[in-house]
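Nothing here was measured: the structure is a model prediction, and the numbers come from that model. By convention in this document, chain letters (A, B, ...) are assigned in the order of the sequence lines, proteins followed by strands, and residues within each chain are numbered from 1. When reading the values below, keep in mind they use all heavy atoms of this one structure, side chains included, and skip hydrogens, waters and symmetry mates.
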Amino acid sequence: MTSNSRSLDHLPPLPRAFYIRDPRRVARELLGKVLVRHDRGSLRAGRIVEVEAYLGRKDPAAHAFSGPTPRNQVLFGPPGHAYVYFIYGNHYCLNVSCEPEGRGGGVLFRALEPISGIEAMARARHLRLPSVPRPGELRLLASGPGRLAEALGITRPRDNAKDFASPVADLQIVDDGFPPARVALTPRVGITKAADHKLRYLIAGNPFVSGKR
DNA sequence: TTATAGATTGCCT
DNA sequence: GGCAATCTATAAT
């Protein structure tokens, strides 16, 4: 982890072309990139360490499986846009749309390794961290899709349909030159349909992936 | 109109 | 390990 908030602020967002591809390819290549939330001069950022691919209309576990609805229409729009949904009455989850317009592929963001804006993340999560947090405490910030969204202040009313590729977006994904990491593949978490497919991508050995320690 | 499951989390035993 | 919280999209009546 070599980034600081100054450099993150000036890196360009990943281009739209990055997201046009198959969600499996996008998911794999998102690992190691940095998800950045800008607000009012401050920023919160974390390295993407865990994602899941959802394959659109051919994937029974995907929200896009049954075709476009008011809820999921962003998935069928142009690539590189935020699809935010509310789940279990408590949590928001953040995805990015993939593939060319008209197709429903997407990638779910499941865990970040916090890099910057840690105090703001802790406030958003209603946590009190010691001045020198231990890794086990930092994990509580953004290890899990609901936690990640809460840490970055992501909600459907605020963020659904936002364009990740816009240079003025307050939600961006940037490449800070972090070297490619070893990728592990597992089945997706918390689903019942198509549960045997290995479509969960994580940085092997990274302590900030979701789940119990 | 009513019922139910859901891409989760945190607290309880 | 079990389960309640708490909303919504979708299925069933």
Heavy-atom pair of closest approach, residues [X] and [Y]:
| X | Y | value |
| --- | --- | --- |
| A:His38 | A:Ala169 | CD2-O, 4.0 Å |
| A:Ser97 | A:Val74 | CB-O, 3.7 Å |
| A:Ala149 | A:Tyr92 | CB-O, 3.2 Å |
| A:Phe109 | A:Asn95 | CE1-C, 3.9 Å |
| A:Ala124 | A:Glu150 | CB-O, 3.3 Å |

* To do: Indicate yes or no for a side-chain donor-acceptor contact from A:Arg16 to the backbone of A:Pro79 under 3.5 Å, with no hydrogens or angles considered.
  => yes

**Asked** With no hydrogens and no angle check, is any side-chain donor or acceptor of A:Glu137 less than 3.5 Å from a backbone partner on A:Arg134?
**Response** yes

* **Side-chain N,O (A:Thr192) to OP1/OP2 (B:dG6) below 4.0 Å** => yes

A:Arg200 side chain N/O closer than 4.0 Å to the phosphate oxygens (OP1, OP2) of B:dA7?
-> no

Fill in: Sugar-phosphate only, base, or nothing, as touched by A:Tyr88 at under 4.0 Å among non-hydrogen atoms
base

Rounded distance in Å between the [atom1] positions of [N] and [M]:
| N | M | atom1 | answer |
| --- | --- | --- | --- |
| B:dT2 | C:dT6 | P | 22 Å |
| C:dG1 | B:dA7 | C1' | 22 Å |
| B:dT4 | C:dA4 | P | 16 Å |

Handout entry: Any donor-acceptor N/O pair under 3.5 Å between C:dT6 base and A:Asn90 side chain
Key = yes

Round to the nearest Å and state the distance from [X] atom [atom1] to [N] atom [atom2].
| X | N | atom1 | atom2 | answer |
| --- | --- | --- | --- | --- |
| A:Leu141 | B:dT9 | CG | C1' | 15 Å |
| A:Asn95 | B:dA7 | CG | C1' | 8 Å |
| A:Ile87 | C:dT8 | CD1 | C1' | 8 Å |
| A:Arg110 | B:dT8 | CZ | C1' | 9 Å |
| A:Tyr83 | B:dA7 | OH | P | 9 Å |
| A:Ile154 | B:dT8 | CD1 | C1' | 16 Å |
| A:His91 | C:dA9 | NE2 | C1' | 17 Å |
| A:Tyr85 | B:dT8 | OH | P | 6 Å |

Per the 3.5 Å Watson-Crick/G-U criterion and a run length of at least three, the stems involving DNA chain C are B:1-6 with C:7-12, B:8-12 with C:1-5

The ring-ring contact (aromatic ring centres under 6.0 Å, His included) partners of A:Tyr85 (sequence neighbours excluded) come to A:His63, A:Tyr83

The complete set of side chain to side chain donor-acceptor pair (under 3.5 Å) pairs with one or both residues in residues 189-198 of chain A, sequence neighbours excluded, reads none

Which of B:dA7, B:dT8, C:dT8 is nearest the side chain of A:Leu108? It is B:dA7

query = Are A:Phe178 and A:Ile115 close enough, and set up right, to give a side chain to side chain contact (heavy atoms under 4.5 Å, CB included), and what steps lead you there?
reply = CA-CA 12 Å; A:Phe178 188 77; A:Ile115 292 175; over 6 Å; no

**Message:** Quick check on A:Arg200: does its CZ atom have over 12 non-hydrogen neighbours (other residues, nucleotides or ligands) under 6.0 Å away?
**Reply:** yes

For nucleotides 10-13 of chain B, tabulate all protein N/O to nucleotide N/O atom pairs closer than 3.5 Å, reporting atom names and distance.
{"from": "B:dG10", "atom 1": "OP1", "to": "A:Arg125", "atom 2": "NH1", "distance (Å)": "3.0"}
{"from": "B:dG10", "atom 1": "OP1", "to": "A:Arg125", "atom 2": "NH2", "distance (Å)": "2.8"}
{"from": "B:dG10", "atom 1": "OP2", "to": "A:Arg147", "atom 2": "NE", "distance (Å)": "2.8"}
{"from": "B:dG10", "atom 1": "OP2", "to": "A:Arg147", "atom 2": "NH2", "distance (Å)": "2.6"}

Counting only pairs under 3.5 Å, give me each side-chain donor-acceptor contact of residues 138-145 of chain A, with atom names and distances, residues two or more places apart or in other chains.
{"from": "A:Arg139", "atom 1": "NE", "to": "A:Pro207", "atom 2": "O", "distance (Å)": "2.9"}
{"from": "A:Arg139", "atom 1": "NH2", "to": "A:Val209", "atom 2": "O", "distance (Å)": "2.8"}
{"from": "A:Arg139", "atom 1": "NH2", "to": "A:Gly211", "atom 2": "O", "distance (Å)": "2.8"}
{"from": "A:Ser143", "atom 1": "OG", "to": "A:Arg139", "atom 2": "O", "distance (Å)": "3.2"}
{"from": "A:Ser143", "atom 1": "OG", "to": "A:Phe208", "atom 2": "O", "distance (Å)": "2.6"}

Expected list for residues 60-76 of chain A near DNA chain B, using heavy atoms below 4.0 Å, is A:Ala61, A:His63

